[in-house]
Amino acid sequence: MALPDRWITDTRVSTRYPVYTRANAGEVLPEPASPLGWTLVFAPGVNEGWRDCQIRVGTCDPDEVTADEVTGLFGGRLYINASLARLFGVRGPGLSAEMVDQAYFGEHPDVPPYVPEPWHESAAATERLAAWMGSVLMAPDLDVLLDDRAEAERVRAERPDLSSATDAELVERARSLVPLVRRLFDRHLEMTAGTSIGTGVLAQVAAAVGDPTLPLTLITSVGDVDSALPSHEMWALSRLDRSSPEYRSGFSSFVERHGSRGPNEWDIHSETWETEPALAEALIDVMRSAPDDADPARRDAVNTAAREEAAARVHEVLADQPELLATFETGLRSAHLYLAGRERAKTTIISVVHEIRMAVRELGQRYDYPLDVITMLLADELE
């Protein structure tokens, strides 16, 4: 019997945007996407939110991109559409397709060269992107992310007793959260794209002062990063006796706060720290054997000192160039703001994806289907 040439959820290669890459995609979905994770969460949530963002920031007109084109699924594996990313480079003021290639592919020898087409250039899109890039550099804060986080926390706090919900109610809860995933991914992608604006300014300043290593140092250990909280809490737990009441109480609180995290956390087929607490305890046990000077807080303090020293050095070098110094300060503030924002946005959306996972998991357990079995369903097969 001949084997099929496509996995059941594989997409078709876009004729309009034909170049795809696993770069960065492997960090989101390192394993093949589960059918239910793709058709319930990614296609209607993540991909639609991705398209929303491309249109909202100005890269594309609505008729220039579909949700099926922003990513590809080949052999069950997620690919990012590099052609669409190149369009951002072509249309973004001060950018180019080659700059985007460098960011995605580096020096990979198999990258096909960019082939321009007349429709790639768009004065209207460039004007929109210029306005968006300016707003990123001048944003005073990202308090909207606090509103998003509060909404996600409310969803978690209002989780019903899943064990007493009907099958239909479980399916409805899972489906009802997809529009929120879509909106939160729109925000997450904007934060991700926004990080490139401030860091791009830092790269230009670094070139001007003759130190290309500066940008990496200047953005290390940025404060107020939500994703760093679990490692700090794990470290504190690793200093406690595992059999002590303090540890048991602390670990229970840790799982309640961070239970959505875990390996391959974007896909609802994967276990997390709430569904499989042993995953978190194994990480804590590794920390337990580490010396005290491996404390993440100490590492952050060292990196913060290096970052502040580098910033002070730039101020000294540019003391007689006030315009370039002002540019540097604007880029540094924006880079820090959006780097922290990207991690906050990711933490928020992961917590909502987890609520979908928990509803699906409860449904599967009723019929003796573990997560990796029930998530072999397609979304339209849930009922």
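When a residue number appears, it is its place in the shown sequence, counting from 1. Scope of the values below: all heavy atoms of this structure, side chains included, with no hydrogens, waters or symmetry mates. These numbers were taken from a predicted model, which means no experiment stands behind them.
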Side chains of [X] and [Y] only: does a donor on one sit below 3.5 Å from an acceptor on the other?
X: Asn47; Y: Thr71; answer: yes
X: Asp161; Y: Ser164; answer: yes
X: Tyr17; Y: Glu64; answer: no
X: Asn24; Y: Tyr79; answer: no
X: Asp295; Y: His232; answer: no
X: His354; Y: Glu265; answer: no
X: Glu172; Y: Ser176; answer: no
X: Asp241; Y: Ser243; answer: yes

So, [X] and [Y], do they make that salt bridge, N to O below 4.0 Å?
X: Glu281; Y: Arg242; value: yes
X: Glu27; Y: Lys346; value: no
X: Glu151; Y: Arg154; value: yes
X: Arg77; Y: Glu31; value: no
X: Arg333; Y: Glu329; value: no

Backbone of [Y] reached by a side-chain donor or acceptor of [X] within 3.5 Å:
X: Ser238; Y: Trp235; answer: yes
X: Thr199; Y: Thr195; answer: yes
X: Tyr20; Y: Ser14; answer: yes
X: Arg22; Y: Leu78; answer: yes
X: His120; Y: Arg91; answer: no
X: Asp10; Y: Gly76; answer: yes
X: Asp186; Y: Arg183; answer: no
X: Ser252; Y: Ser249; answer: no
X: Ser231; Y: Ala228; answer: yes

Is there side-chain contact between Trp38 and Ile268, with at least one heavy-atom pair below 4.5 Å?
->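 Heavy-atom side-chain distance check fails, nothing below 4.5 Å.
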Decide yes or no on side chain to side chain donor-acceptor pair (under 3.5 Å) for Thr66 and Asp68, but give the supporting numbers first.
-> CA-CA 5 Å; Thr66 68; Asp68 291 337; 5.0 Å; no
Pick one: which of Ile350, Thr347, Leu229, Thr272 meets side-chain contact (heavy atoms from CB on, under 4.5 Å) with His258?
->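 The side-chain contact (heavy atoms from CB on, under 4.5 Å) with His258 is passed solely by Leu229 among Ile350, Thr347, Leu229, Thr272.
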For atom OH of Tyr369, decide whether the heavy atoms of other residues, nucleotides or ligands shown that lie under 6.0 angstrom number more than 12.
->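 12 or below, so no.
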Say you draw a straight line from [atom1] of [X] to [atom2] of [Y]; how long is it, rounded to the nearest 0.5 Å?
X: Leu29; Y: Leu73; atom1: CG; atom2: CG; answer: 8.0 Å
X: Asp380; Y: Leu36; atom1: CG; atom2: CG; answer: 10.0 Å
X: Arg313; Y: Leu218; atom1: CZ; atom2: CG; answer: 8.0 Å
X: Ser34; Y: Phe42; atom1: OG; atom2: CZ; answer: 9.5 Å
X: Leu145; Y: Arg187; atom1: CG; atom2: CZ; answer: 6.5 Å
X: Ser270; Y: Leu371; atom1: OG; atom2: CG; answer: 8.5 Å

Smallest separation among heavy atoms of [X] and [Y], with atom names:
X: Ser221; Y: Asn303; result: OG-CB, 3.0 Å
X: Leu137; Y: Ser334; result: CA-OG, 3.8 Å
X: Pro35; Y: Leu378; result: CB-CD2, 3.8 Å
X: Thr39; Y: Pro44; result: O-CD, 3.3 Å

Give the C-alpha distance, both sets of side-chain angles, the deciding distance and a yes or no for ring pair (Phe, Tyr, Trp, His ring centres under 6.0 Å) between Phe254 and Trp273.
-> CA-CA 9 Å; Phe254 171 84; Trp273 295 344; 5.4 Å; yes
Step-by-step side-chain contact (heavy atoms from CB on, under 4.5 Å) determination, Phe88 to Leu95 | CA-CA 8 Å; Phe88 173 77; Leu95 303 177; 3.5 Å; yes
Determine the sole option in Arg128, Arg51, Arg56 for which the salt bridge (Lys or Arg N to Asp or Glu O under 4.0 Å) test with Asp61 is passed.
->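 Going through Arg128, Arg51, Arg56 one by one, the salt bridge (Lys or Arg N to Asp or Glu O under 4.0 Å) with Asp61 is satisfied by Arg128 alone.
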Got a sec, which residues hit side-chain hydrogen bond (donor to acceptor under 3.5 Å, both in side chains) with Glu48, two or more places apart in sequence or on another chain?
->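 Here no residue qualifies.
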Could you check whether the rings of Trp266 and His188 sit parallel, tilted or perpendicular, using 30° and 60° as the cut-offs?
->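 Correct class here is tilted.
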Do Arg173 and Leu170 pass the side-chain contact (heavy atoms from CB on, under 4.5 Å) test, and can you show the C-alpha distance, the side-chain angles, and the key distance before you say yes or no?
-> CA-CA 5 Å; Arg173 176 165 173 81; Leu170 291 173; 5.9 Å; no
Tell me, with the steps shown, if Val90 and Tyr114 meet side-chain contact (heavy atoms from CB on, under 4.5 Å).
-> CA-CA 10 Å; Val90 171; Tyr114 167 65; 3.3 Å; yes
Applying side-chain contact (heavy atoms from CB on, under 4.5 Å), run through Glu383 and Arg175 and close with a yes or a no.
-> CA-CA 11 Å; Glu383 281 77 10; Arg175 292 198 188 283; 2.9 Å; yes
Determine, for Tyr247 and Arg288, whether the Lys NZ or Arg CZ falls below 6.0 Å from the six-membered ring centre while staying within 45 degrees of the axis.
->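 Judged by the rule (NZ or CZ under 6.0 Å from the ring centre, within 45° of its axis), Arg288 counts as positioned above Tyr247.
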